[in-house]
Amino acid sequence: MIIEPKTAKQLIEFQWMDSMNLDKSSLNNMAQGKIDSSVFAALLQQKMEQSGTNSISAEELLKTLAAISLPADQVDSLKKGAMSLNGASSLDSSAAKIEMPQVSEPKVRSGTPNTGAAQYADIVQAASAKYGIPQSLINGIIDAESSFNPNAQSGAGAKGLMQLMDGTAAGLGVTNSFDPEQNINGGSSYIASMLIRFGGSQRLALAAYNAGPGTLQRLGIRTEEDLNAKFDQLPRETQKYVGRVESAQTKYI
């Protein structure tokens, strides 16, 4: 699944990369129609949308970094990478796309779908196609989070079908979390960004969706092996949440 830069821009603030070097190999990848760094793709697209052109210089790219909320070490590596382009005067956006990791679905359907799922089927289908994630995963999250109640609100302040916190919703461009289309698009964007961040691991992505990616980072959880070893260090709610979503997902295969 290829995600266009315009969509990638919506994912940018919710992911990080272990390492990032925008050197000549990155340019070669772009020339072959792919790019390893989703962050780079999003920055590139943002700058081009601002300038109204199809290409930008490495120098211009540096100017966009200040507006993007990224950890300091990533900003530094982006700057080093941009400055290492060694005379490349501009970068063409035509190949700046993200490769969405393959996300596997459960093989066997189990249980009865929530009767409320049908009314949101078209929105879920569109979000699935846009963000490259299974419809069953979106439905599983909605089922576990709100039982398909668009007006659900938790004591902590999470709202709507996919239970978005206000800060997360704002970062995703959601202005009304109780609007089903906005909420599903926002939640799907967020879980897609977690899947990209964690290499397609659904369990890691779900843990991050519930507890926040910062929690996993602080615990040193970056792989499935890390998750298995430190699962009991996650909040008890998150431990239950991962299994609850995976169980709910099987209703929508």
Side-chain angles (χ1 to χ4, degrees), residues 1-12 14-15 38 97-152 154 158-165 168-169 171-174 176-211 213 224 227 238 240-253:
M1 169 64 69
I2 298 293
I3 301 177
E4 296 292 339
K6 185 172 182 180
T7 300
K9 184 178 170 185
Q10 298 175 339
L11 309 180
I12 177 64
F14 301 96
Q15 57 186 291
S38 58
K97 301 177 181 180
I98 294 176
E99 185 74 33
M100 183 70 190
Q102 183 66 38
V103 181
S104 60
E105 290 188 272
K107 303 298 183 184
V108 180
R109 182 170 180 171
S110 176
T112 304
N114 187 298
T115 56
Q119 64 183 307
Y120 305 114
D122 289 345
I123 301 174
V124 169
Q125 182 178 27
S128 170
K130 182 176 182 179
Y131 297 108
I133 58 178
Q135 294 182 52
S136 64
L137 176 57
I138 300 172
N139 279 318
I141 293 173
I142 296 173
D143 189 301
E145 290 280 8
S146 67
S147 295
F148 289 88
N149 175 7
N151 299 312
S154 73
K159 298 173 181 175
L161 290 167
M162 298 185 76
Q163 290 290 277
L164 302 179
M165 297 296 289
T168 301
L172 293 163
V174 174
N176 179 6
S177 290
F178 296 117
D179 177 87
E181 186 169 7
Q182 286 193 48
N183 190 285
I184 291 173
N185 271 283
S188 297
S189 171
Y190 189 61
I191 191 64
S193 72
M194 294 299 101
L195 287 163
I196 292 171
R197 176 170 179 168
F198 292 106
S201 168
Q202 182 170 299
R203 294 182 71 228
L204 284 165
L206 287 172
Y209 188 96
N210 181 260
E224 288 274 357
L227 183 65
T238 302
K240 295 179 180 179
Y241 178 81
V242 173
R244 191 164 71 249
V245 173
E246 289 182 326
S247 177
Q249 184 180 4
T250 63
K251 302 177 188 178
Y252 304 97
I253 301 301

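Nothing here was measured: the structure is a model prediction, and the numbers come from that model. One is the number of the first residue; the rest follow in order along the sequence. Keep in mind that the numbers below use all heavy atoms, side chains included, and drop hydrogens, waters and symmetry copies.
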request  = Mind checking side-chain contact (heavy atoms from CB on, under 4.5 Å) for Val103 and listing every partner two or more places apart, or none if nothing turns up?
outcome  = Pro134, Leu195, Gln202
request  = State, with a plain yes or no, whether a side-chain heavy atom of Leu206 is found less than 4.5 Å away from one of Ile141.
outcome  = yes
query = Between Tyr241 and Tyr209, what is the ring plane arrangement, given parallel below 30°, perpendicular above 60°, and tilted in between?
reply = parallel
Min side-chain heavy-atom separation Ser188-Lys130 under 4.5 Å = no
task = Report the distance from atom OG1 of Thr168 to atom NZ of Lys159, rounding to the nearest 0.5 Å.
result = 12.0 Å
task = First locate atom CE of Met162, then atom OG of Ser177, and finally report the distance between them rounded to the nearest 0.5 Å.
result = 11.5 Å
query = Is the shortest heavy-atom distance from the side chain of Gln249 to the side chain of Leu137 under 4.5 Å?
reply = yes
message = Using 0.5 Å steps for rounding, measure from the CG atom of Leu172 to the CG atom of Asn185.
response = 10.0 Å
ask   = When you look at CD of Glu181, are more than 12 heavy atoms from neighbouring residues, nucleotides or ligands closer to it than 6.0 Å?
value = no
inquiry  = Donor-acceptor pair, distance only, cut-off 3.5 Å: does the side chain of Ser247 make one with the backbone of Arg244?
reply    = no
remark   = Between the CG atom in Asn149 and the CD atom in Gln163, the distance rounded to the nearest 0.5 Å is 8.5 Å
task = With sequence neighbours left out, write down each residue that passes side-chain contact (heavy atoms from CB on, under 4.5 Å) with Ala208, or none if nothing qualifies.
result = Met194, Phe198, Pro213, Leu216
message = Could you work out, with side-chain hydrogen bond (donor to acceptor under 3.5 Å, both in side chains) as the rule, every residue matching Gln182, not counting sequence neighbours?
response = Thr175
task = State, to 0.1 Å, how close Ala127 and Ile184 come at their nearest heavy-atom pair, and which atoms those are.
result = CB-CG2, 4.0 Å
ask   = If you round to the nearest 0.5 Å, how far is CD1 of Ile138 from CD of Gln125?
value = 10.0 Å
query = Can you name the residues that form a side-chain contact (heavy atoms from CB on, under 4.5 Å) with Ser146, not counting sequence neighbours?
reply = Ile142, Ala152, Leu161
ask   = If you look at every heavy atom in Phe178 and Pro150, which pair is closest and at what distance?
value = CD2-O, 3.3 Å
key: Qualifying residues under side-chain hydrogen bond (donor to acceptor under 3.5 Å, both in side chains), relative to Asn183, sequence neighbours excluded   = none
query = So which heavy atom on Pro106 is nearest to which on Ile253, and how close?
reply = O-CD1, 3.5 Å
task = Might you point out which heavy atoms bring Val174 and Gly186 nearest each other, and give the distance in Å?
result = CG2-CA, 3.9 Å
ask   = Does any non-hydrogen side-chain atom of Val124 lie less than 4.5 Å from one of Asn139?
value = yes
key: Exercise: identify the closest heavy-atom pair between Ala169 and Leu164   = CB-CB, 4.1 Å
key: Contacts of Lys251 that satisfy side-chain contact (heavy atoms from CB on, under 4.5 Å) - sequence neighbours left out   = Asp143
task = Can you tell me which residue pairs pass the side-chain hydrogen bond (donor to acceptor under 3.5 Å, both in side chains) test with a partner in residues 103-123, sequence neighbours excluded?
result = Glu105-Ser136
inquiry  = Could you report the tightest heavy-atom contact between Ala158 and Met165, atom names first, then the distance?
reply    = N-SD, 3.4 Å
